[in-house]
Amino acid sequence: MNGAEPTAPSEFLLCVENGDYPESLEVGKLYPVLADTDAARHELVRVIDESGEDYLYPRRYFVEIDLPTEARKALRRAS
């Protein structure tokens, strides 16, 4: 991984499309997102995918969701 920290406000993004990456992304799954301002300028997000590593994907593959505090804590512990 690149050493980036999860970013606020959305520490996790919901995958709504996996395009050419069905082995790497599961539709309907939450993925930890890492701060990457260069990627954001290109409409990309850096997430930790099914390989356990962080990779760039099109931003349109994900949506932000508002999670309750307890859910965010549980997901952080599980990541």
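Every value quoted in this text rests on a predicted model; they were computed, and no experiment measured them.
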ILVMFWY clustering at 4.5 Å (side-chain atoms), partners of L56:
L44
Atom pairs and distances, side-chain donor-acceptor, residues 14-30, under 3.5 Å, sequence neighbours left out:
residue, atom, partner, partner atom, Å
N18, ND2, L25, O, 3.2
K29, NZ, E50, OE1, 3.2
K29, NZ, E50, OE2, 2.8

Would a 4.5 Å heavy-atom cut-off, applied to side chains only, mark Y31 and F12 as touching?
no
From the list Y55, F62, Y61, side-chain contact (heavy atoms from CB on, under 4.5 Å) partner of V47 resolves to F62
Measuring from R59:CZ to R46:CZ, what's the distance to the nearest 0.5 Å?
14.5 Å
Hey, does the side chain of R72 reach the backbone of L67 with a donor-acceptor pair shorter than 3.5 angstrom?
yes
So does E11 pair up with K73, basic N to acidic O under 4.0 Å?
no
Are I48 and L34 close enough that some pair of their side-chain heavy atoms sits under 4.5 Å apart?
yes
